[in-house]
Amino acid sequence: MSEHPSFCRICAAHCPLVVEVDEGRPIRVRGDREAELFGGYTCAKGRALPQLHATPNRLLHSLVRQPDGSFAPIASANAIEEIAARLGNIIDRDGPAAVALYSGTSAFQSLTTTALAGSWLKAIGSSMGFSTGTIDQPGKLIAAALHGRWLAGAHDFDDADTWMLIGTNPTVSKLGGIPVTNPARHLHLARKRGLRLIVIDPRRSEDAKKAEIHLQPRPGEDPTILAGLIRVILEEDLVDADFLAEHAQGLDALRSAVEPFEPQYVAERAGVPARQLIEAARVFANARRGSAVAGTGPNMAPRGTLTEYLVLCLNTLCGRWRRAGEVVRNPGVLVPAPSPKAQAYPPWPALGFRPKLRVRGLTNTAAGLPTGALADEILLEGEGRIRALVCVGGNPILAFPDQIKAERAMRDLEFLVVLDPQLTPTARLADYVIAPRMMFETPGTTYQTESTSSIGISWGFPEPWGQYTPAITQPPDGADVIEDWQFFYRLARHMELELEVPCGNVIWRPGEPRPPRVALDMEAEPTTDELLRTLTHNSPVPLDEIKTHPHGALFRTAEQVQPSDADCDARLELADPMMLRDLAEVAGETATPSALGFPFRLVSRRIPDIMNSVGRGVAELTRSGPHNPAFMHPDDLAELGLAPGDVARIRSPHASILGVVDEEAGLRRGVVSMAHGFGDLPGLDDDVRRHGANTGRLSDSAEDFEPYSGIPRMSAIPVEITPVVAPTPAQPKETT
Ligand SMILES: Nc1nc2c(c(=O)[nH]1)N[C@H]1C(S)=C(S)[C@@H](COP(=O)(O)OP(=O)(O)OC[C@H]3O[C@@H](n4cnc5c(=O)[nH]c(N)nc54)[C@H](O)[C@@H]3O)O[C@H]1N2
Ligand SMILES: Nc1nc2c(c(=O)[nH]1)N[C@H]1C(S)=C(S)[C@@H](COP(=O)(O)OP(=O)(O)OC[C@H]3O[C@@H](n4cnc5c(=O)[nH]c(N)nc54)[C@H](O)[C@@H]3O)O[C@H]1N2
Ligand code: SF4
Ligand SMILES: [Mo]
């Protein structure tokens with residue numbers, strides 16, 4: 001038995017771990033107390049990593065589909081050779097754009113996977129790279145492009161005296177505005193310090209329970225509420241006038257645009273008390289430091305970009321950006337970043353660039369290609385149709401909105417390759433499934449989490465934290481598993497391609513230099529460590545130095561924000577015409593449009609023990625059952641004649657699912673709160689108590705979507721709830 005420091009790469013927290021290893025296998029995991037920044041924190045998912053590695057469902061060999069439809073094991077080297085040939089034929093016939101890539105959440109956690117998958121796609125000449133970015137919080141990057149960005153970044157959580165969370169629950173999600181390094185502890189310390197927390201969420205979430213002000217609105221009314229908050233702040237003149245005079249433009253147009261959003265109107269429409277709205281505006285604006293941040297809830301509800309845009313306007317109005325002389329505690333460890341400067345970078349193009357999609361007028365955007373339209377691009381006949389898809393570290397069948405269409409599309413593909421350690425519902429539709437090495441069997445760095453600081457306020461690490469882990473365990477005996485990046489490298493070799501990898505932030509920000517690209521040696525395959533060294537060759541802290549601290553460490557000292565350039569006249573935009581037009585449309589509605597006969601709203605949520613679809617097969621992570629409950633207010637259940645544990649039909653204008661209802665007194669009435677990533681292929685998951693329900697099925701990607709990112713409505717979905725008369729009884733367990 002030996003102990004090895006490492007870190008978890010299930011979610012973006014990347015918690016440091018100590019892993020007990022016996023005969024090359026992970027046995028037990030605990031939080032690493034030496035990593036003070038995290039205070040020894042882990043969650044149940046991280047502690048279940050040994051079970052995730054050893055699950056009997058794990059694929060130890062790649063699979064190829066046989067003519068009779070069944071799978072047969074195949075050596076990974078043979079699989080790659082055959083895949084290269086099949087893709088080559090498709091490219092010869094239809095051109096490279098017929099081949100697309102989908103990178104899921106697990107791919108994003110690994111720098112080598114992200115870099116190599118992207119450079120392989122570029123090398124074949126296709127720009128059809130899709131990711132979860134546009135079915136997550138695409139409003140963030142699109143709104144940033146419309147507003148412009150502040151080159152010194154936003155106020156930090158740890159010295160803020162107020163903070164506003166809008167449809168995000170970082171204590172559970174480890175993403176969304178409270179530092180990922182043990183958010184509950186950050187929040188605890190902040191409250192002791194006197195931080196005044198404001199939460200806007202239809203559910204009394206874990207974070208809402210800690211809030212001084214919890215606005216519990218009707219789902220989908222965030223633009224209304226934010227416009228209302230801004231109106232109060234402008235009317236009471238609580239803005240940072242000096243900052244606005246020097247660094248922003250469009251104040252008068254914004255003032256007129258929010259005019260219709262009087263507190264009483266907002267209160268009635270969003271279902272919150274007017275005095276609470278006014279109080280929230282005053283607490284936020286009168287504080288000295290602190291930001292507003294939005295999360296997946298409002299991004300998945302209608303008009304996510306508008307919500308994110310108004311959040312940025314709110315922060316700018318209150319001057320919540322770092323000024324010259326202030327400190328940036330994390331100036332970058334692995335990810336190169338220019339010195340912070342107290343000035344604006346003006347708006348840049350947010351959408352309309354190539355490739356343009358063939359459906360719904362959608363285009364490539366600052367948040368990437370609209371993944372909500374990937375299924376249509378596969379199904380729609382004619383030139384430009386996607387015929388082959390490589391899916392790495394994602395599970396479209398369980399995670400895509402409009403699941404029935406997603407399934408049709410996956411089946412309609414001429415060629416589907418899935419890289420996944422599990423035979424997921426998506427993998428079951430593949431022509432080839434590549435069995436990868438798992439986390440503890442591969443070296444890794446904290447690069448990816450650090451790079452998320454380009455996406456959201458208070459994302460990434462709050463301090464200059466860095467960690468490298470070598471592979472600490474061996475794959476099971478007899479396994480033929482390869483690293484995800486090796487698949488793309490070897491595939492490129494068979495396709496006779498030269499690969500070039502980017503060295504720098506994968507989420508490039510305007511105002512920063514484009515990361516340089518470095519050619520890989522295509523003769524001698526690098527080791528993972530050599531590849532990591534290439535990818536980080538221009539890191540502020542050399543990888544070799546980080547390697548000398550196996551428990552991770554804080555590197556570098558804080559940097560001071562520089563004054564603005566003398567000739568800088570760039571300004572943040574408070575009145576983007578497209579956004580103000582959308583706001584005028586909102587003002588013209590009586591409430592978010594809803595269909596008659598759908599009195600409830602289904603909202604998205606995360607549950608602590610499952611990461612999207614990951615963890616479902618693990619006993620330690622499914623103690624409360626294998627399904628995702630449909631949480632409702634007890635009075636709503638009673639009115640419908642339902643009791644916790646009953647089955648109800650949940651019907652949207654588009655589709656219907658069954659759900660096992662449960663009670664949650666902290667929900668607003670009229671709301672159903674449910675996690676995604678559950679269920680199975682349509683038709684195979686009718687036993688809802690066993691499989692859970694796929695909420696993605698309820699979304700209509702063609703009729704109800706955000707026009708910029710194409711994200712279908714995935715939260716605040718109008719639904720009808722009806723009890724199922726003869727609830728499916730739970731199958732009694734066989735006792736032996
Ligand atoms: N345990 C766990 N952690 C995870 C994940 C997981 O599946 N499980 N997933 C990871 C991923 S991929 C991501 S992107 C992040 C997401 O991280 P977050 O954005 O923090 O996601 P949630 O925790 O679901 O919080 C969203 C909140 O929005 C609320 N909400 C829903 N609809 C609306 C609305 O219309 N308006 C408002 N104001 N609120 C609304 C919900 O009630 C919920 O409390 O979490 C990551 N972390
Ligand atoms: N209705 C609804 N839909 C949603 C959401 C919602 O809130 N509501 N949330 C959306 C969000 S925010 C996101 S990010 C997406 C998530 O969408 P996806 O990323 O497509 O879904 P995941 O379930 O995270 O898929 C991760 C897959 O990676 C596999 N995996 C684990 N480790 C490895 C590895 O080392 N290598 C490889 N190759 N694979 C590995 C897992 O087995 C799993 O199948 O879902 C979106 N869909
Ligand atoms: S919070 Fe995220 S990174 Fe930390 S142990 Fe849990 S799943 Fe792993
Ligand atoms: Mo996500």
Side-chain angles (χ1 to χ4, degrees), residues 7-15 17 29 31 38 41-47 49 52 102-110 113 131-133 135-137 165-177 180 182 199-203 205-208 215 217-222 225 294-302 307 391-396 398-401 403 418-422 424 426-427 434 436-439 442 483-484 487 592 601 603-615 667 671 673-677 694-699 714-717:
F7 59 92
C8 176
R9 287 155 270 171
I10 293 180
C11 86
H14 284 188
C15 300
L17 308 174
V29 160
F38 292 76
Y41 180 82
T42 57
C43 78
K45 301 185 291 302
R47 292 192 298 274
L49 275 165
L52 278 164
Y102 170 66
S103 307
T105 312
S106 296
F108 184 78
Q109 307 297 353
S110 158
T113 309
S131 78
T132 54
I135 50 169
D136 185 324
Q137 305 174 58
L165 302 172
I166 305 152
T168 176
N169 188 27
T171 293
V172 167
S173 68
K174 316 293 186 298
L175 193 75
V180 299
N182 194 345
V199 172
I200 304 178
D201 196 310
R203 175 180 160 244
S205 64
E206 285 74 358
D207 286 317
L215 290 169
R218 290 195 183 98
E221 290 297 345
D222 302 284
I225 295 166
T296 46
N299 272 276
M300 291 177 179
T307 297
C391 167
V392 55
N395 193 356
L398 296 190
F400 275 14
Q403 190 212 26
V418 173
L419 288 84
D420 204 296
Q422 298 276 329
T424 63
T426 309
I434 300 295
R437 280 183 171 238
M438 290 187 72
M439 183 189 306
T442 65
E483 290 198 38
D484 289 311
F487 168 79
T592 43
R601 289 281 184 285
V603 292
S604 60
R605 75 175 300 148
R606 263 84 192 137
I607 48 178
D609 289 357
I610 304 291
M611 171 76 180
N612 301 329
S613 70
V614 174
L667 275 171
V671 172
S673 164
M674 248 177 133
H676 64 291
N694 188 273
T695 56
R697 210 170 289 171
L698 300 171
S699 294
M714 291 154 71
S715 195
I717 303 173

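Counting starts at 1 for both ligands and their atoms, in listed order.
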Starting from [atom], locate the nearest protein heavy atom and write down its residue, its atom name and how far away it is, to 0.1 Å.
atom	answer
atom 30 (N) of ligand 2	S106 OG, 3.3 Å
atom 18 (P) of ligand 2	Y102 OH, 3.4 Å
atom 10 (C) of ligand 2	I135 O, 3.3 Å
atom 29 (C) of ligand 2	D420 OD2, 3.1 Å
atom 26 (C) of ligand 2	G393 O, 3.2 Å
atom 8 (Fe) of ligand 3	C8 SG, 2.3 Å
atom 7 (O) of ligand 1	N612 N, 2.8 Å
atom 6 (Fe) of ligand 3	C43 SG, 2.3 Å
atom 4 (Fe) of ligand 3	C15 SG, 2.3 Å
atom 37 (C) of ligand 2	D484 OD2, 3.5 Å
atom 3 (N) of ligand 2	M714 CE, 3.3 Å

Only heavy atoms of [X], strictly under 4.0 Å: list the atoms of ligand 1 that pass.
X	answer
R605	24 (O)
P219	35 (O)
I607	1 (N), 2 (C), 8 (N)
S604	31 (C), 41 (C), 42 (O), 43 (C)
I610	1 (N), 2 (C), 6 (C), 7 (O), 8 (N)
G295	19 (O)
T296	14 (S), 16 (C), 18 (P), 19 (O), 21 (O), 22 (P), 24 (O), 26 (C)
R203	42 (O), 44 (O)

Among [options], whose heavy atom sits nearest [atom]?
atom	options	answer
atom 13 (C) of ligand 1	M674, K174, H676, R606	R606
atom 38 (N) of ligand 2	L419, I434, T424	L419
atom 33 (C) of ligand 2	G104, G394, P421	P421
atom 23 (O) of ligand 2	P401, S613, A427, A107	S613
atom 34 (C) of ligand 1	V603, T105, D222	D222
atom 28 (O) of ligand 1	G167, A675, S715, S205	G167
atom 27 (C) of ligand 1	V614, L667, D201	D201

Numbering the atoms of ligand 3 from 1, which are under 4.0 Å from a heavy atom of [X]?
X	answer
I10	7 (S)
K174	1 (S)
H14	3 (S)
K45	7 (S)

*asked:* So, 4.0 Å and heavy atoms of M439: is ligand 2 close enough to count as a contact?
replied: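 M439: no contact with ligand 2 (<4.0 Å).
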Looking at ligand 1, does [X] have a heavy atom less than 4.0 Å from it?
X	result
D207	no
S173	yes
C11	no
K45	yes
P608	yes

*Do the side-chain N and O atoms of S673 and R203 include a donor-acceptor pair separated by under 3.5 angstrom?*
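Side chains of S673 and R203: no pair found under 3.5 Å.
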*asked:* What I want to check is whether the side chains of T442 and R437 have a donor and an acceptor closer together than 3.5 Å.
replied: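 No donor-acceptor contact under 3.5 Å links the two side chains.
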*Hey, is there an N, O or S on C11 sitting under 2.8 Å from atom 2 (Fe) of ligand 3?*
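Yes - counting backbone and side chain alike, C11 has an N, O or S atom under 2.8 Å.
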*Between D136 and ligand 2, does any nitrogen or oxygen pair lie at a separation below 3.5 Å?*
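No, there is no polar N/O contact under 3.5 Å.
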*For ligand 2, is there an N or O atom under 3.5 Å from any N or O atom of A399?*
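Looking only at distances, the answer is yes, because the N/O contact criterion of under 3.5 Å is met.
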*Please could you name the atoms of ligand 2 that T695 approaches to less than 4.0 Å, counting only its heavy atoms?*
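Answer for ligand 2: 1 (N).
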_Taking 4.0 angstrom as the limit and counting only heavy atoms of P436, give me the atoms of ligand 2 inside it, by number and element._
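The list of qualifying atoms is 36 (N), 37 (C), 38 (N).
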*Taking the six-membered ring for Trp, are Y102 and F400 ring centroids under 6.0 Å apart?*
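Yes - the distance between ring centres of Y102 and F400 falls below the 6.0 Å cut-off.
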*Does N395 approach ligand 2 within less than 4.0 angstrom via side chain, backbone, both or neither, non-hydrogen atoms only?*
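For N395, the contact with ligand 2 is made by both the backbone and the side chain.
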